[in-house]
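Heads up: the structure comes next, in C-alpha cells.
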Protein chains: 2
Amino acid sequence: MAKTVSERADVLPALAEVFREHGFEGASLSLIGQRTKLGKGSLYHFFPGGKEEMAVAVLDEIDGWFTANVFKPLREEVEPRRAIAGMLQAVDDYFRSGRRVCLIGAFALGDARDRFARQIRSYFATWNTVLAEALMRLGKDDETARNLAEETLAAIQGGLVLARALNDPCVFQRMLCQLKARLAA
Amino acid sequence: MAKTVSERADVLPALAEVFREHGFEGASLSLIGQRTKLGKGSLYHFFPGGKEEMAVAVLDEIDGWFTANVFKPLREEVEPRRAIAGMLQAVDDYFRSGRRVCLIGAFALGDARDRFARQIRSYFATWNTVLAEALMRLGKDDETARNLAEETLAAIQGGLVLARALNDPCVFQRMLCQLKARLAA
DNA sequence: GTCTATAGATCGATAGAC
DNA sequence: GTCTATCGATCTATAGAC
C-alpha cells in the first residue's frame, strides 16, 4: 500500500472514458473510483476541486490532443491538401471510426454546457478557424471557406450523433468519406 | 387541494423542457416537481414507473409531433419539392431556429441511450427512410438519396451541437439554409 | 388527485490511519 | 499517496392524510 506510482495524468484516460459513457451527472464518484481503481481519497488528492476539476482536466487533455494532432498540423502543414487529409485521418482515429463519442459535443448538448462553456466554445471555435484558414490556402474565398469549415464540423458531430443513435458506426465513416470528397473539390 | 384538473398530457411540455435542459440524470424529481408544479405524489400517480416512464412519455410525444408534422407530410405530399421545403420549415420551427436542443440527439450521446435505445433508433431511422424516399421521388437514384438523407440528418444534429457549443443559433440557421440549396439541386 | 413526510439508497466530499 | 469510514445533502420512491 501507499503506492507512490500514480500520477494525475495516468488516470485521465480512464476518467475521460467514464465521462464519455455516462456524461457529467451520470459519472458518479463511486463509478469513477471503480474505473480508475482509485479510492475517493486518492481522487481528491489529485483533484482537490472534485468532479468538476476532473472534468476540466479531461477537457484540457482533449484540447491538448486536438491542438497537437489536428489544429497544429492544420495550421503548419504547407500543403493544404495534406493538412485536410491529415485532419480527417486524425478525426477517424480519435473517434474510433464512429465507435467513440465526442465528449465535448455531448457536454455541449447537456447541462454541463454552462459549467464548461469556455472550454467547449474554445474547442469548436479554434477548430472552425484553423480549418477555414486551411481551406482559404486551398483557394476557397473567405465566405466559402468559413461555411465549408462550419459544415464540416457539423457533419462530424452530426455523424457521431447518428452513429450512436442508430448503433451503426458506418454512418460516421460514410460521413468522413463524403467530407473527403467535398473538401477536395 | 385535490385539484382534479390536471391530465398527464398537460405536464408533458414542462417535462420535456426539464429533460432538454438538464438531461436524464440531471433532471431530478425535485426539479421536475418545481417546473411542473406537481408534488411527487402526483407525478407518481401519472407516471407509476417514475422518471423513466416520464422520459418515455416525452420521447413518445416528440415522436408523435414529428410523425404528424414531418414524417407524414414528407410521405404524403405529392410534390417532393414542397415536401422537403415543408420539412425544413417544420424543423426550423421545432428547434426554435437553433435555440432549442434535440432531446433525442442529446439522449443518444449520453448514458440515456441504452435505456431508450429503441425510441432513439426508431426516430432517426424513420426520418432517414422517409426523407430518402422523398428524394428518390425528386429523381435521385437510390444510393444518392440515401446518402443525402443521412447527410441532412447529420447536418441538422451537428448544427444543433455547434449552435449550442458556440452559443450562436445562427450556425443552425446557416445549416438549414445550405441544406435547402443542397436538397433542391 | 394532490399533498407532506419520510424511507432507503446514493451522492459528493472530508477526516484520519497507515 | 492510498486506504477505509463516514458525514450531511440529495436522490428516487413510497405511504398515508386530506
Side-chain angles (χ1 to χ4, degrees), chain A residues 1-61 103 106-107 110-116, chain B residues 1-59 103 106-107 110-116:
Chain A
M1 38 229 73
K3 258 193 309 173
T4 319
V5 292
S6 283
E7 290 186 35
R8 203 178 118 122
D10 293 340
V11 303
L12 285 182
L15 216 39
E17 219 51 43
V18 180
F19 282 125
R20 238 185 283 274
E21 288 171 21
H22 298 90
F24 184 73
E25 299 287 346
S28 72
L29 279 198
S30 60
L31 192 58
I32 292 172
Q34 286 171 30
R35 301 285 287 273
T36 58
K37 301 188 186 307
L38 245 45
K40 295 188 190 178
S42 307
L43 287 171
Y44 272 88
H45 171 70
F46 288 130
F47 308 96
K51 210 162 77 156
E52 177 154 344
E53 186 172 341
M54 299 180 204
V56 167
V58 166
L59 292 177
D60 274 343
E61 202 208 27
L103 178 61
F107 272 17
D111 68 330
R113 188 196 72 151
D114 295 339
R115 214 190 278 254
F116 308 109
Chain B
M1 41 231 71
K3 260 193 307 173
T4 319
V5 292
S6 284
E7 289 185 37
R8 206 178 116 121
D10 292 340
V11 303
L12 284 182
L15 217 40
E17 220 49 44
V18 180
F19 282 125
R20 238 185 282 276
E21 288 171 21
H22 298 90
F24 184 73
E25 299 287 346
S28 72
L29 277 200
S30 58
L31 192 57
I32 292 172
Q34 287 171 28
R35 302 285 288 271
T36 59
K37 301 185 185 307
L38 247 44
K40 294 188 190 175
S42 308
L43 288 171
Y44 272 89
H45 170 70
F46 289 129
F47 307 96
K51 211 163 77 158
E52 176 154 344
E53 187 173 340
M54 299 178 204
V56 167
V58 166
L59 292 178
L103 179 60
F107 272 17
D111 68 330
R113 187 195 73 151
D114 294 340
R115 214 191 278 253
F116 308 109

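The model shown is predicted, which means the values in this text are computed figures rather than measured ones.
Side-chain N/O atoms of B/H45 include one lying less than 4.0 angstrom from OP1 or OP2 on C/dG1.
For the atom pair CZ (B/F19) and CZ (B/F107), the distance works out to 5.5 Å, reported to the nearest 0.5 Å. Atoms CG and OH, from B/L38 and B/Y44 in turn, are 13.0 Å apart once rounded to the nearest 0.5 Å.
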Please tabulate, one pair per line, each protein N/O and nucleotide N/O from nucleotides 11-13 of chain C that are separated by under 3.5 Å, including the distance.
residue, atom, partner, partner atom, Å
C/dC11, OP1, A/S28, OG, 3.3
C/dC11, OP2, A/S30, OG, 3.2
C/dG12, OP1, A/K51, NZ, 2.8
C/dG12, OP2, A/L29, N, 2.5
C/dA13, OP2, A/Y44, OH, 2.4
C/dA13, OP2, A/K51, N, 3.4
C/dA13, O5', A/Y44, OH, 2.7
C/dA13, N6, A/K40, NZ, 2.9

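The residues B/R113 and A/E21 are annotated as not salt-bridged, no charged nitrogen and carboxylate oxygen being separated by less than 4.0 angstrom. The pair B/E52-B/R115 meets the salt-bridge criterion, with a side-chain N (NZ, NE, NH1 or NH2) lying under 4.0 Å from an Asp/Glu carboxylate O.
Residue A/L43 contributes atom CG, which lies 16 Å from atom C1' of C/dA15 at whole-angstrom precision. Put simply, CG on A/L38 is 6 Å from P on D/dT2, counting in whole angstrom units. D/dG1 atom P lies 13 Å from atom CG of A/D10, rounded to whole Å. In this structure, B/I32 places its CD1 atom 16 Å from P of C/dT2, rounding to the nearest Å.
For B/E25, there are no side-chain hydrogen bond (donor to acceptor under 3.5 Å, both in side chains) partners, not counting sequence neighbours. Partners of A/E61 by side-chain hydrogen bond (donor to acceptor under 3.5 Å, both in side chains), not counting sequence neighbours: none found.
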